[in-house]
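In what follows, every chain begins at residue 1, and chains take the letters A, B, ... in the order their sequences are listed.
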Amino acid sequence: MSEGFGKGCHLHLIDGSAFIFRAYHALPPLTRKSDGLPVGAVAGFCNMLWKYVSDEHGSAAPTHAAVIFDHSSKTFRNEIYDLYKANRPEPPEDLRPQFPLTRDATRAFNIACIEIEGYEADDIIATLSCQAREAGGSATIISSDKDLMQLVGDGVDMLDPIKGKLIGPEEVREKFGVGPDRVVDVQALAGDSVDNVPGAPGIGIKTAAQLINDYGDLDTLLARAAEIKQPKRRQTLIDHADQIRISKRLVELDCKTPLDFTLQSLEVRDPDAETLLGFLTEMEFRTLTTRVADRLGAEAPAVTAAPASEAPAAPDQPQFDSASYQTVRDIETLDQWIAAIRETGHVAIDTETTGLDDMRADPVGICLATAPGTACYIPFGHVEGEAGDGLFATAPSLAPDQLTQDQVLSALKPVLEDPSILKIGQNLKYDWKILARQGIRMAPLADTMLMSYALNAGTHNHGMDELAERYLGHKCIPIKELIGSGKSQITFAQVPIDKATPYAAEDADVTLRLWQHFAPMMPVEKVSTVYETLERPMVPVLADMEMAGIRVDGGHLGRMSNAFAQKMAQLEDEIHELAGEKFNVGSPKQLGEILFGKLGMEGGKQGKTGAYSTSADVLEDLAVSHDLPARVLDWRQISKLKSTYTDALQGHVNPDTGRVHTSYSIAGAQTGRLASTEPNLQNIPVRSEEGRRIREAFVATEGYRLVSLDYSQIELRILAHVADIPALKQAFRDGIDIHAMTASQMFNVPVEGMDPMIRRQAKAINFGVIYGISGFGLSRNLRIPRAEAQDFINTYFERFPEIRAYMDKTVEDAKRDGFVTTLFGRRINTPGINQSGPAAGGARRAAINAPIQGAAADIIRRAMIRMPAAIRDLPARMLLQVHDELVFEVEESAVDDLIAAARQVMEGAAEPAIKLSVPLIVDAGAGMNWAEAH
DNA sequence: GCCCTCACG
DNA sequence: GACGTACGTGAGGGCT
């Protein structure tokens, strides 16, 4: 028994290679500033190690720990089977030099760093976990690698570091269908395409688990293979018995790896501040260095002399110190801040308000920051006095010792509108609208959220808390600590000013620091043009659209709601009658049990939660021969229309304006599209007749008309251009029906007198191509056999070979660069594109789609940005955007002028940046309501 | 808070 | 019958 490691000891085994690849693919390529050395994976690796080291781990805290790496690709398994891992691609060029650095990093963290020639990390992990168990201790393997799951059980478990999920015998059983002790048997049968373990052809995990459960173990199964009922399966096992046995030796981990160290030597040690900071500084990881110095300085005063103050990474970045923020309560101090702003030429600004709805909330204070650590809060709307309940509640009155709103805004207005002073904000559209409602139109603007979006779309979200943590290593004060949550939530106006200042001023401070962080990166990463031409100018344009809102006829909606309620009640009665019992039609779970359980209908598909799917396409199939599912479909449609639209929309009418004001997220969608929220006005029904009537409730003011202009087939046109497909381009130039043309090319039929069914199929394929088509997807969409769908796709690629070339190139770009770009330079990161397994398919399709969807989004953004100037002299306002459609409200007499002006802007929106080789065509309509205009 | 379902381009 | 699959969104209701 190894001395010192025994009962009560707990060993953590970190799968180093998994950490590296995860880090590499999760992060954009990053290089060391001074010499261009690629260090992205090292940075991610260090962040993960730091996160791991700082974690408390609770009761599972390790007494011993090690990071284990693969040493080289050739191991004893290649002697058993020379093709083992033969189809593993070489690691990317920019990852290779980072491997030794991750070893250095591990040592810098003072964690044992282990690799042994000729052995895979998995075998070392197996050996160490066996030893830990035998010594009477326990072990946790930090990895999500399924190959390690065979080790689970009896004192050994796994922790998925990404999901933070503990993997025990139950989870293993869920994955493999057998307990950990039989995992190798299942793997031997199923094989593994990633590691090139052959297994038995045609047998996957499901079948393998079933066989093992039936026969007990692999040896018994192979010995009694002749008894298997299914002839094909029996023959496979008999024919491939040797191959299966070899596979088992490949997947079975070796617990007897010779080790030249003891468990005791893996004892957990605190990192040495100097060593660790030295390494991080050398790598030039500013953020992490600061973060580590912070922590080690605070917790280990003995070593503060070295790191915290001398951390060279950020000499000019003061620590966050909420005590240093100033509360501005008099006009002299405010004037001093204004003078400081005029001095620096820029200011970070954040408004505090009474709520989240920027069309209803009132401002209660403004924060400013002029330099990191130099920030203030100017309260003017805080109240005091118990809001309380009952008769004796005092009406809240303004808290003392505040400037008035008028004083503050009058003093700031000249600065906020001064064209020589840059206003920096995080999600500035919000603050812009709050101030615009007080008569201040801020300009010019810098928005850190949009900078992050231009740099990092696809990698992570762009909220302030996320950015602060990621790029400044700083955790923001959660707003909940001030205003609470749920029923007892108060507004920011009720927060005592002395509590408000640290929170509020911190937001401005963080914003300023983020701006300093992002601004120099923009030209280096070549995203300045996108930010300047497609992101930043959207803020005032969208703010004006949102403030304009659209008139909604509440009476019309109310009448529809009533009619829907009646119809639903009637359908419910019929459904209960047909089911023979009452149940909640709106519960998919109950419905599934009725249809597939009680009534025993065929075709019940169970998802991963074990519930039957009752989605529309399932019900449609059932509806062919049963009444009940048909009624449910009707009920569902009406229920959706009522709850999501006719009911909910009435609640979104703003009492002050009598109109509905949506909010557009500029940085929400990965591709550059906008997203509309609260309410979502980008998914108002149109496809069904019933639904289209909801659009009649969106109306023009008296004397006005609604005008809708939309791009015709914009994504297909972009595809024709970027993939350079002569046949498609010519068809668009000639203005012929594109789907009919496709059908004609594919099925060799004339366009004249074409069967509508044929055209419909061609249309589905055209759309499918944009989405990264698969035979499965097309077959489901068209409800045709999969082989037939695959034939269509093959024919399509034969007729239009350029499309295949485009797809391949796009995926190749994504794999090499970690991102794809649109025609206008928008960058969409593609994390996960280099993964293997089913997840890779999705990433592939997303990468193919992104440049097309993204370019369309860029084009309409360009049009929207130019629109205000183009329609300035017309009595018209732009109200809504629905991806390829713009909706305006215009005086009746100016409808034609508006259509002409807006169409010209939209059709020419790509120019002069891009001269498309196909024309952009815009269709237009006008009417009293949206249904008529569209 | 997650899942299912469904509205749109 | 190894797996799961068209791309991008937001919202409401059920259920735990």
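Salt-bridge check for Glu690(A) with Lys640(A): failed, with every basic side-chain N at 4.0 Å or more from each acidic carboxylate O. Salt bridge status for Glu812(A) with Lys815(A): absent, with no side-chain N to carboxylate O gap under 4.0 Å. We find that Arg631(A) and Asp634(A) are not joined by a salt bridge, their nearest charged nitrogen and carboxylate oxygen being 4.0 Å or further apart. Using a cutoff of 4.0 Å between basic side-chain nitrogens and carboxylate oxygens, Glu689(A) and Arg695(A) are not scored as salt-bridged.
Residue Thr614(A) places at least one side-chain N or O under 4.0 Å from the OP1 or OP2 atom of dT5(B). Side-chain nitrogen and oxygen atoms of Arg845(A) include none within less than 4.0 Å of the OP1 or OP2 phosphate oxygen of dT5(C). The side chain of Ser587(A) contributes an N or O atom lying less than 4.0 Å from OP1 or OP2 of dC15(C). Taking side-chain N and O atoms only, Gln187(A) has no distance below 4.0 Å to OP1 or OP2 of dA2(C). Under 4.0 angstrom from either OP1 or OP2 of dA6(C) there lies at least one side-chain N or O belonging to Arg780(A). In terms of phosphate contacts, Arg673(A) brings no side-chain nitrogen or oxygen within less than 4.0 Å of OP1 or OP2 of dG8(C). Look at Asn849(A) and you won't find any side-chain N or O under 4.0 angstrom from OP1 or OP2 of dA6(C). Listed pair Arg233(A) / dG1(C) fails the phosphate criterion, with no side-chain N or O lying under 4.0 Å from OP1 or OP2.
With P as the reference atom, dT5(C) and dT5(B) are 13 Å apart, rounded to whole Å. For dG4(C) and dC8(B), the C1' atoms lie 25 Å apart once the distance is rounded to whole Å.
If you check every strand for non-hydrogen atoms under 4.0 Å, Ala616(A) touches sugar and phosphate atoms only. If you check every strand for non-hydrogen atoms under 4.0 Å, Ala843(A) touches nothing. In this structure, Ile773(A) reaches the bases: a heavy-atom distance under 4.0 Å links it to at least one base atom across the strands shown. Among the heavy atoms of the strands, none lies under 4.0 Å from Glu885(A). Using a 4.0 Å heavy-atom distance criterion, Ala648(A) is classed as a sugar-phosphate-only contact. Across all strands, Ala190(A) comes closer than 4.0 Å to no nucleic acid atom at all (heavy-atom distances). Residue contacts shown for Arg786(A) include a base, since a base heavy atom lies under 4.0 Å away. Nucleic acid contact class of Glu715(A) (heavy atoms, under 4.0 Å, all strands): none. The residue Val686(A) sits close only to the backbone: its heavy atoms come under 4.0 Å of sugar-phosphate atoms, none of a base.
A donor N or O paired with an acceptor N or O is not found under 3.5 Å between the base of dC8(B) and the side-chain atoms of Gln682(A). A donor and an acceptor atom never sit less than 3.5 Å apart when one is taken from the side chain of Arg636(A) and the other from the base of dG13(C). Between the side chain of Lys589(A) and the base of dC15(C), no donor-acceptor pair under 3.5 Å is found.
Distance check, rounded to the nearest 0.5 Å: CD of Glu696(A) to NE2 of His556(A) gives 4.5 Å.
With rounding to whole Å, Leu778(A) atom CG is found 12 Å from dA6(C) atom P.
Side chain of His661(A) to backbone of His652(A): no donor-acceptor contact under 3.5 angstrom is found.
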